Amino acid sequence: MMDIIKKIIFPFCLLAAGISLCVTAVSATQKNTVPVVQPEQTFQIDQFISPDTCGDCHAQIYEQWENSMHHLSHKDPVYSRVSQFLRKGLTDAGEIEEAESCVKCHTPVGYVTGFPKKVSDDLSKTPEIATRGIQCDYCHSAESVRQIHNNGLVIRPGQGEDDPGVKYGPFDDSEPDFHEAQYSQLHTDSKICGTCHNVKHVAFGTDLETTYTEWENSAYNSPDPEKKIACQGCHMYQRPGIPATGSTPRPENPGSATDYSVERPHIFTHYFVGANTFVPAGFGGKLKATMAEERLKNAATVSVDTSKTGQKKLEITIANVGAGHCIPTGLTDFRQVWLEIIVQDRGGKTIYQSGVLDDNHILPDTAVIFNTVFGDGKGNKVINIAKARQILKDNRIKPNQRVIQTIDLPIVPEKDSRVSVRLLYRGAPQYILNLLPGEKIGPLPVVEMAKAQVKI
Ligand code: HEC
Ligand code: HEC
Ligand code: HEC
Ligand code: HEC
Ligand code: HEC
């Protein structure tokens, strides 16, 4: 069946079991890119059950998910402002198609029920349930994955509260009173995350986000089941005080899925904490901001080798010890992970500095920054991902990778000089936030991921 569908070029709808499945093939404007086939499913909005209803029984899980980045994916002010800004003034058809596509992942329940289909739709008319982002009934209706990018989840929601249908999850012996339950291998696999956490430009095929692929190619995707750690193995083991990274313990979380069901050895947590401290805090999710700091502080290490300062060289080693993907991952043209380096002589006078934010919170161009830079296809940097036709730079730190950065000092530092190096994280560059129309956003919090201080 899928083979036949993949060959069809024009929009095509198929009626099966009352579900209409529409298939559109998106044209590839670059000769050597494979067309991105995007079959589309359509449902009625009242088929979806509110997270509040799920929360009536799964109270703890609801509390963890509330004000997570998944809950906030539609309301997130940084996302909303950036998506509106990127859409403005575009004329190229492929660029417009990309700039309109955001709602597919950020407002998925709206997208699969027909509104919004585009960023330029009147989003104030978004049905209330769809404003609640990536929610219980969306993930737990997922049956399979059609493609591991641009949200290829195939879902089968029920018919609303009167007939909730099957909720898919990790248990093979669950007998809930409200809905049916079924074991789903997919829910235990990184693929359920990867389908949204791999983002390709819809027209040009450029890899915009590659978190799943980075994990897939890492040692965390071990063929040995004892050593394999899926996304869930870190992100759905975290709880306050237990960051559950590659460099910290990931103990099980015994408990029960509702307050009246059986004790299980592990209940997967639903905080979905990454690195975002700013957005959850703005919605009263201060705990999630703290948990994001705990995650960032257990992701990397830095160390300094001063043995070559006589040749005016400083060697800094940065190691990704805790993340199952690159540091940074996700929107890595946007995220800032950089080195702040300060060298002071015996008397405390600064003889060298790099990566120090200026008074307007702008990071100087000379800073050592680990990121991705997109280009327009002719070698010029672009900040609008809708225009991204090529990758100009990618020096991010891969899982378990150790990177040595050599710094040229202006002079030979005297004995007893002090070197301070910090690896810092910030969600977005201030100069881009300054371009967004309307009320100013920022400065965003800067989190110290790791530091090293040595005397020469
Ligand atoms: C009336 C109470 C109730 C409501 C409302 C409810 N559930 Fe459940 N659910 C349960 C019980 C009880 C279990 C069984 C837990 C166990 O087996 O440990 C369960 C189990 C599950 C499982 C595990 C299934 C498996 O086989 O792994 C998932 C997933 C789930 N619920 C999702 C949801 C979602 C999504 C909603 C909202 C659409 C929801 N639940 C609403 C009571 C409820
Ligand atoms: C981004 C997708 C996603 C969202 C949103 C989500 N879940 Fe889950 N949930 C999962 C996955 C994946 C698992 C199983 C993890 C595994 O087995 O590795 C899970 C496990 C569960 C379980 C089994 C018990 C446990 O926690 O281990 C229940 C019950 C459940 N979820 C309910 C909910 C409810 C209620 C909500 C909304 C408040 C929700 N989920 C939101 C993906 C999601
Ligand atoms: C070995 C543990 C581990 C695994 C496995 C893992 N992560 Fe992470 N993740 C981390 C740590 C630590 C951070 C914080 C450092 C960072 O931002 O990279 C993080 C951060 C993130 C962020 C925020 C990124 C940013 O820089 O803003 C996202 C999104 C994310 N993870 C998604 C995923 C997905 C999706 C998978 C599976 C494909 C996954 N993670 C697998 C440990 C892990
Ligand atoms: C339907 C698409 C979708 C699925 C499925 C999905 N995610 Fe996400 N996820 C998103 C989006 C969109 C955001 C960002 C929301 C925002 O920043 O506005 C996000 C954010 C996150 C973050 C927070 C990143 C940060 O910077 O703090 C983490 C962690 C994360 N997801 C992990 C996972 C894991 C683990 C899974 C699988 C169990 C998963 N996601 C499944 C779309 C998805
Ligand atoms: C295929 C799914 C997908 C699509 C389509 C998508 N995103 Fe996202 N978006 C994500 C995921 C996953 C994250 C979280 C990654 C991270 O935190 O690094 C995210 C995070 C973001 C953030 C960070 C928000 C914050 O608070 O820091 C912005 C901004 C954003 N997306 C903008 C957009 C725009 C604009 C579009 C459309 C042009 C878009 N996204 C389309 C999956 C998607």
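Source: prediction; values computed, not measured. Along the sequence shown, residues carry numbers from 1. Indexing begins at 1, ligand by ligand and atom by atom, following the structure's order.
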Paired with D121, the salt bridge (Lys or Arg N to Asp or Glu O under 4.0 Å) test is passed by just one of K118, K117, K125, namely K118
for atom 11 (C) of ligand 2, nearest protein heavy atom and its distance come out as M236 CE, 3.7 Å
If we number the atoms of ligand 1 from 1 as shown, the ones under 4.0 Å from a heavy atom of I49 are 38 (C)
**OP:** Let me see the working for T53 and S50 under side chain to side chain donor-acceptor pair (under 3.5 Å), right down to the final yes or no.
**Re:** CA-CA 5 Å; T53 305; S50 163; 4.6 Å; no
Original post:
Is Y425 in polar range of ligand 3, meaning some N or O pair under 3.5 Å apart?
Top reply: yes
Per side chain to side chain contact (heavy atoms under 4.5 Å, CB included), L357 is matched among Q336, R426, E340 by R426
the protein heavy atom lying closest to atom 28 (C) of ligand 2 turns out to be I61 CD1, 3.7 Å
Contact region, Y168 to ligand 1, non-hydrogen atoms below 4.0 Å, reads backbone
Quick check on the 6.0 Å ring-centre criterion: do H266 and F268 meet it? yes
Residues at least two apart in sequence or cross-chain that pass side-chain hydrogen bond (donor to acceptor under 3.5 Å, both in side chains) with S261, listed by chain then number, are T258
Note: ligand 1 atoms sitting under 4.0 Å from heavy atoms of Y260 are 1 (C), 2 (C), 12 (C), 42 (C)
among protein heavy atoms, the one nearest atom 41 (C) of ligand 2 is H270 CD2, 3.4 Å
Counting from 1 in the order shown, the ligand 2 atoms closer than 4.0 Å to a non-hydrogen atom of Y62 are 38 (C)
*side chain to side chain donor-acceptor pair (under 3.5 Å) evaluation trace for T188 with Q232*: CA-CA 7 Å; T188 68; Q232 292 90 326; over 6 Å; no
Determine whether the aromatic ring centres of residues Y168 and H140 are separated by less than 6.0 angstrom. no
Quick note on ligand 3: atoms under 4.0 Å from a heavy atom of C326 include exactly 18 (O)
Nearest non-hydrogen protein atom to atom 14 (C) of ligand 2, with distance, is H187 O, 3.7 Å
Within the 2.8 Å cut-off the protein N, O or S neighbours of atom 8 (Fe) of ligand 3 are H235 NE2, H325 NE2
Check: of P243, P328, G246, G322, min heavy-atom distance to atom 12 (C) of ligand 3 comes from G322
query = Are H325 and Y220 close enough that their ring centers fall under 6.0 Å?
reply = no
Of V103, I134, V109, T107, the one forming a side chain to side chain contact (heavy atoms under 4.5 Å, CB included) with H74 is T107
One finds that the ligand 1 atoms under 4.0 Å from a non-hydrogen atom of Q182 are 26 (O)
Rounded to the nearest 0.5 angstrom, the NE2-OH distance for H197 and Y212 is 13.0 Å
Taking only non-hydrogen atoms of I229 and a 4.0 Å limit, the atoms of ligand 3 in range are 5 (C)
Practice item. May I have the step-by-step check of side chain to side chain donor-acceptor pair (under 3.5 Å) for D224 and S222, ending in yes or no? Key: CA-CA 5 Å; D224 176 354; S222 168; 5.2 Å; no
field: Y212 N/O to ligand 3 N/O under 3.5 Å
entry: no
Quick note on ligand 3: atoms under 4.0 Å from a heavy atom of I327 include exactly 18 (O)
Logged contact type for R335 with ligand 3, heavy-atom cut-off 4.0 Å, is side chain
Q: State, with a plain yes or no, whether a side-chain heavy atom of Q405 is found less than 4.5 Å away from one of E315.
A: no
Among G158, S174, G160, the residue with a heavy atom nearest to atom 17 (O) of ligand 1 is S174
T245 heavy atoms within 4.0 Å reach ligand 3 at atoms 12 (C)
among protein heavy atoms, the one nearest atom 27 (O) of ligand 1 is F171 N, 2.7 Å
All N/O donor-acceptor pairs, side-chain side in residues 430-445, below 3.5 Å, sequence neighbours left out:
{"unit_1": "Q430", "atom_1": "NE2", "unit_2": "N434", "atom_2": "OD1", "d": "2.9"}
{"unit_1": "Q430", "atom_1": "NE2", "unit_2": "I441", "atom_2": "O", "d": "3.3"}
{"unit_1": "Y431", "atom_1": "OH", "unit_2": "K381", "atom_2": "NZ", "d": "3.4"}

- Query: Got an N/O contact under 3.5 Å between F268 and ligand 2?
  - Reply: yes
G169 heavy atoms within 4.0 Å reach ligand 1 at atoms 25 (C), 27 (O)
Which of V419, I407, D305, I404 passes side chain to side chain contact (heavy atoms under 4.5 Å, CB included) with I316? It is I407
So the atoms of ligand 3 within less than 4.0 Å of a heavy atom of A275 turn out to be 17 (O), 23 (C), 25 (C), 27 (O)
Heavy-atom side-chain proximity of T245 to C234 below 4.5 angstrom: no
| request: Show your working on side chain to side chain donor-acceptor pair (under 3.5 Å) between Y271 and N67 and close with a plain yes or no. | output: CA-CA 9 Å; Y271 296 98; N67 295 325; over 6 Å; no
The protein heavy atom nearest to atom 38 (C) of ligand 2 is C136 SG, 2.7 Å
S261 heavy atoms within 4.0 Å reach ligand 1 at atoms 15 (C)
- Would you kindly say whether Y62 and D56 are connected by a side-chain donor-acceptor distance under 3.5 Å? no
Check whether any side-chain heavy atom of F374 sits under 4.5 Å from a side-chain heavy atom of L392, and report yes or no.
no
Counting only protein N/O/S atoms, those under 2.8 Å from atom 8 (Fe) of ligand 1 total 2
For P170, the ligand 1 atoms with a heavy-atom partner under 4.0 Å come out as 27 (O)
So CZ of F370 and CD1 of I397: to nearest 0.5 Å the spacing works out to 4.5 Å
K167 atom NZ, neighbour heavy-atom count above 12 within 6.0 Å:
yes
Ranked by distance from atom 3 (C) of ligand 2, the top protein heavy atom is C139 SG, 2.8 Å
Please tell me whether H106 and Y79 form a close aromatic pair, meaning their ring centres lie under 6.0 Å apart.
yes
If we number the atoms of ligand 1 from 1 as shown, the ones under 4.0 Å from a heavy atom of T53 are 5 (C)
In this structure, NZ of K297 is separated from CD of E448 (nearest 0.5 Å) by 5.0 Å
Ligand 2 atoms nearer than 4.0 angstrom to some heavy atom of H70 are 1 (C)
Under 4.0 Å from one or more heavy atoms of T188, ligand 2 contributes atoms 16 (C), 17 (O), 18 (O)
closest protein heavy atom to atom 15 (C) of ligand 3 is A299 CB, 3.7 Å
Going by the 4.0 angstrom heavy-atom rule, the piece of A230 near ligand 3 is backbone
